[in-house]
Amino acid sequence: EVQLVESGGDLVQAGGSLRLACTASGFTFDDYTIGWFRQAPGKEREGVSCIMSNDGSTYYADSVKGRFTVSSDNAANTVDLQMNSLKPEDTAVYYCAAVYLTHCMVIMKGYRDMDYWGKGTLVTVSS
């Protein structure tokens, strides 16, 4: 069974840090692009970050650039999202998703027809 499972969401104070993990089972990340997305209450799902498994290229939304870092461990089939200097506006459910042979630039511009989605992990940042 193919699964993506997010973990690491928590309640944290503004200025704090969290590390989210996305773990895949049932398939390998080879040739897949992994995106991190978030959805706050009443808002559309937005792309936060993306990593190309073939060459490790990374992409970020302007709202998180300089604060978030995405990394992958293809051998372990995990993609992490390190989130620093968190702000209350980062509060959302964070999802990871995988799509085969699609460039991150397409995903960061709004492509959402991913092959696999996780169920999400809640990040709450208090002020």
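What's counted below: heavy atoms across the whole structure, side chains too, no hydrogens, waters or symmetry copies.
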| query | Taking C-beta and beyond as the side chain, do Val106 and Lys109 meet within less than 4.5 Å on heavy atoms? | reply | no
| query | Got a second to check how far Ser53's OG is from Ile34's CD1, nearest 0.5 Å? | reply | 6.5 Å
| Minimum heavy-atom separation for Met52 to Cys104, with atom names? | SD-N, 3.2 Å
| message | Consider side-chain hydrogen bond (donor to acceptor under 3.5 Å, both in side chains). Of Gln39, Glu6, Arg38, which one does Tyr94 pass it with? | response | Arg38
| query | Does any non-hydrogen side-chain atom of Val99 lie less than 4.5 Å from one of Tyr32? | reply | no
| task | Check Tyr60 against Met108 and note the closest heavy-atom contact, atom names and distance. | result | C-CE, 3.6 Å
| message | When you compare the side chain of Val123 with that of Leu18, does any pair of heavy atoms fall below 4.5 Å? | response | yes
| note | d(Tyr100 OH, Thr102 OG1) to nearest 0.5 Å is 10.0 Å
| query | Within a reach of under 6.0 Å around NZ of Lys43, are more than 12 heavy atoms found that belong to other residues, nucleotides or ligands? | reply | no
| query | Okay, side chain of Asn74, backbone of Asn77: is any donor-acceptor separation there less than 3.5 Å? | reply | no
| task | Determine whether the side chains of Ser17 and Asn84 contain a donor N or O and an acceptor N or O closer than 3.5 Å. | result | yes
| Non-hydrogen side-chain atoms of Arg45 and Tyr95 separated by less than 4.5 Å | yes
| task | Taking the six-membered ring of Trp117 (Phe, Tyr or Trp), confirm whether the NZ or CZ of Arg112 is under 6.0 Å from its centre and within 45° of its axis. | result | no
| said: Given 3.5 Å as the limit, does a donor-acceptor pair link the side chain of Thr124 with the main chain of Leu11, or not? | reply: no
| task | Identify the two heavy atoms, one from Val12 and one from Leu86, that lie closest to each other, and give their separation to 0.1 Å. | result | CG1-CD1, 3.6 Å
| field | Joint hydrophobic cluster, Val64 plus Val125, side-chain heavy atoms closer than 4.5 Å | value | yes
| query | Is it true that Phe37 and Leu4 fall in one hydrophobic cluster, defined by side-chain heavy atoms closer than 4.5 Å? | reply | no
| said: I'd like to know whether the aromatic ring centres of Phe27 and Tyr116 sit less than 6.0 Å apart in this structure. | reply: yes
| Under 3.5 Å, side chain of Arg67 to main-chain N/O of Ser85, donor-acceptor pair present? | yes
| said: For a side chain to side chain contact (heavy atoms under 4.5 Å, CB included) check, start with the C-alpha distance between Glu89 and Ser127, then their side-chain angles and the critical distance, and finish with the verdict. | reply: CA-CA 10 Å; Glu89 52 263 44; Ser127 57; over 6 Å; no
| said: Let's go through Ser49 and Leu81 carefully: what are the C-alpha distance in whole Å and the side-chain angles of both, what is the deciding distance for side chain to side chain contact (heavy atoms under 4.5 Å, CB included) to 0.1 Å, and is it a yes or a no? | reply: CA-CA 8 Å; Ser49 183; Leu81 184 68; 4.0 Å; yes
| field | Thr121 side chain reached by Leu20 side chain, heavy atoms, under 4.5 Å | value | yes
| field | Atom pair CH2 (Trp36) and OG1 (Thr58), whose distance is rounded to the nearest 0.5 Å | value | 15.0 Å
| message | I want to know whether Tyr59 and His103 have ring centres closer than 6.0 Å. | response | yes
| query | Which pair of heavy atoms, one from Gly47 and one from Ala61, lies closest together, and at what distance? | reply | O-CB, 3.5 Å
| query | Under a 4.5 Å side-chain heavy-atom rule over Ile, Leu, Val, Met, Phe, Trp and Tyr, are Leu101 and Phe29 clustered together? | reply | yes
| request: Check whether any side-chain heavy atom of Ile51 lies under 4.5 Å from a side-chain heavy atom of Val79, and answer yes or no. | output: yes
| field | Min side-chain heavy-atom separation Cys96-Met114 under 4.5 Å | value | no
| request: In plain terms, say whether Lys87 and Asp90 are close enough for a salt bridge, that is, a side-chain N and a carboxylate O under 4.0 Å apart. | output: no
| query | Would you call Cys50 and Thr33 a side-chain contact if the rule is heavy atoms closer than 4.5 Å? | reply | yes
| task | Treating Ile, Leu, Val, Met, Phe, Trp and Tyr as nodes and any side-chain heavy-atom pair under 4.5 angstrom as an edge, say whether Ile107 and Val48 lie in one connected cluster. | result | no
| query | What heavy-atom pair brings Val2 and Gly26 nearest, and what distance separates the two atoms? | reply | CG2-O, 3.7 Å
